[in-house]
Structures are given as C-alpha cells and as structure tokens.
Amino acid sequence: MRYLTFALCKGRLASETLKTFEKIGITCQEMKDKNTRKLIFVNEELKLKFFLAKGPDVPTYVEYGAADIGIVGKDIILEEKRNIHEVLDLGFGKCRMCVCGPDSARELLKHQELIRVATKYPAIAKDYFYNKKHQTVEIIKLNGSIELAPIVGLSEVIVDIVETGSTLRENGLHVLEEICPLSARMVVNQVSMKMERERITRLIGDLKNILQEG
Ligand code: PRP
C-alpha cells in the first residue's frame, strides 16, 4: 500500500484537523511534539504522511500531487483558484469574508464610487467588486494587519476575514457587506481521487459520520 500524503495549514487549522482525525482513529503521535523541527510526520501503521505548509501553499502541493489531500480554509481555495477537488466542509474554522471599513464608507459602496480596497485576498476582492457588484475599484495587496489600511488612510475599505469581530470593534471599523461564509475544507488531487478512490472515499465517509454526530 502506498502512503497517502496530507498537507495541513500550519497553526490553528492543523490542530483542529488532528483533533478531528483522532475521532476517526487517525493519529500522528510525532506531530504532537511542539518542539520538533521535523517537516514530515509518518503513521507507518496506516501508511499515512502529514506535512505542515503555509496556508496558501496547500492547494499548490495538492494540485501538483505532492500531497494527495489538503486541509485548507475556503478563503485560500477561492484566492488560489487551483485545479483541485473540494470534497468536504469540515465545519471548523468558521468565519466570514467581508468588506469592512468605517461607517462613513457605507455610502461609497452604494454609489459605485472609485474607491481603494486593501486586502490579502486580491482575487476574491476583484471577483466581488468587478463581477458581482460591477464597481470599479483599485485593489491594494497587503500581507497582514489589513485593518490598519482605512485607519491610516491607505484605503477606504478592506476585504478581510472576520471571525469574532473583535479586531474590527477595537479599531472602530464595521462589517459593511458580507461576501461569503468560510470554513475548513478537504481538497483532493485530481489523479489521487481516481487512483486512491477507495481509501479516500472511506476517509470522507468516516469524517462525514463524525461531523454529523457533532
Ligand atoms: C485575521 C483577519 C483579521 C482577524 C479577524 O488576521 O485578517 O485581522 O484575524 O479575527 P477576529 O474577527 O476574531 O478579530 P490574523 O490574526 O490571521 O493576522 P493578519 O492580520 O496578519 O492577517
């Protein structure tokens, strides 16, 4: 039996993923060691391999077949537009992609004004403003702390993830429009889906069962 390889997003999503996998009997003891500098973890018994990658790279590993399966946020799937199968909503990592800004920016969104939009997600922002709202905007790519942009006058609004809403609240900003709900998804390589259909289908079935139980 060949190894099935999983690419997981470094951080909170990876720990949630491992917790969920444990419920269906998939464990990876090696990965729990917080001090390890290892990059690849193996479960010899089940013939599984796991590696941790930066979120936006997970769909890339899966598209090229370096990983058979990836667990990644829907935000990254939408932004990266990779050729992969999205097979399951894992239900954790729930949040929303939103247009946010100060109250004063509400009017600018209503009247098709040419505004600046700062975001870590230029493809999602472009799709929303150009294809859904038919509003021409200038998109400015940032790499983090997006909420700063409207505060310091870089942009009128931002497109960003809102989870608890506390970052917005603490900085006097609001959700102005909701683009879409987000959560962690399982994605599968197109060829692996065919070659390892049985194992992958069983895995999806097991996960669906425990997700239904809540
Ligand atoms: C994300 C997102 C928001 C924040 C939302 O940032 O970009 O800033 O979390 O969460 P909240 O609604 O619970 O406050 P992250 O912490 O990932 O860091 P970043 O600013 O570097 O992107």
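Predicted model only: the values in this text are computed from it and were never measured. For ligands, and for the atoms within them, numbers begin at 1 and follow the listed sequence.
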[atom]: which protein heavy atom is closest, and how many Å away?
atom	result
atom 1 (C) of ligand 1	Ile161 O, 4.7 Å
atom 13 (O) of ligand 1	Thr164 OG1, 2.5 Å
atom 22 (O) of ligand 1	Lys120 NZ, 2.5 Å
atom 20 (O) of ligand 1	Ser145 N, 2.9 Å

Any carboxylate oxygen within less than 4.0 angstrom of a Lys/Arg side-chain nitrogen, looking at Arg116 and Glu156?
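Looking at Arg116 and Glu156, the cut-off is not met.
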Between the side chains of Lys120 and Glu79, is the shortest nitrogen-to-carboxylate-oxygen separation below 4.0 Å, so that they form an ion pair?
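No.
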Only one of Arg2, Arg199, Lys194, Lys47 clears salt bridge (charged side-chain N to carboxylate O under 4.0 Å, His left out) with Asp68; which?
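Testing each of Arg2, Arg199, Lys194, Lys47 against Asp68, the sole residue satisfying salt bridge (charged side-chain N to carboxylate O under 4.0 Å, His left out) is Arg2.
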As a quick check of understanding, evaluate salt bridge (Lys or Arg N to Asp or Glu O under 4.0 Å) for Glu163 and Arg12, giving each step before the final call.
CA-CA 13 Å; Glu163 192 181 353; Arg12 204 151 22 118; 3.4 Å; yes
Derivation and outcome, ring pair (Phe, Tyr, Trp, His ring centres under 6.0 Å), residues Phe41 and Phe50:
CA-CA 5 Å; Phe41 306 92; Phe50 300 87; 8.2 Å; no
Under the rule for side chain to side chain donor-acceptor pair (under 3.5 Å), what residues qualify as partners of Arg96, not counting sequence neighbours?
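Partners of Arg96 by the side chain to side chain donor-acceptor pair (under 3.5 Å) criterion, ordered by chain and then number, come out as Glu178.
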Protein contact for [atom] (heavy atom, distance under 4.0 Å):
atom	result
atom 16 (O) of ligand 1	no
atom 4 (C) of ligand 1	yes
atom 11 (P) of ligand 1	yes
atom 8 (O) of ligand 1	yes

If you apply the rule side chain to side chain contact (heavy atoms under 4.5 Å, CB included), what do you find for Val159 with Ile179, and how did you get there?
CA-CA 9 Å; Val159 164; Ile179 300 178; 3.8 Å; yes
For Ile115 and Gln135, what are the C-alpha separation, side-chain angles and deciding distance, and is it a side chain to side chain contact (heavy atoms under 4.5 Å, CB included)?
CA-CA 9 Å; Ile115 52 170; Gln135 179 171 3; 4.0 Å; yes
Which of the numbered atoms in ligand 1 are below 4.0 angstrom from a heavy atom of [X]?
X	answer
Asp160	2 (C), 3 (C), 7 (O), 8 (O)
Glu147	3 (C), 8 (O)
Ser166	12 (O), 14 (O)
Val162	12 (O)

Is it the case that ligand 1 has an N or O less than 3.5 angstrom from some N or O of Gly165?
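Yes, there is a polar N/O contact under 3.5 Å.
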With only distance considered, is Thr167 within less than 3.5 Å of ligand 1 through an N or O on each side?
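By distance alone, the answer is yes.
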Partners passing side chain to side chain contact (heavy atoms under 4.5 Å, CB included) against Thr17 (at least two apart in sequence or in another chain)
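Thr17 satisfies side chain to side chain contact (heavy atoms under 4.5 Å, CB included) with Leu8, Phe21, Ile71, Phe92 only.
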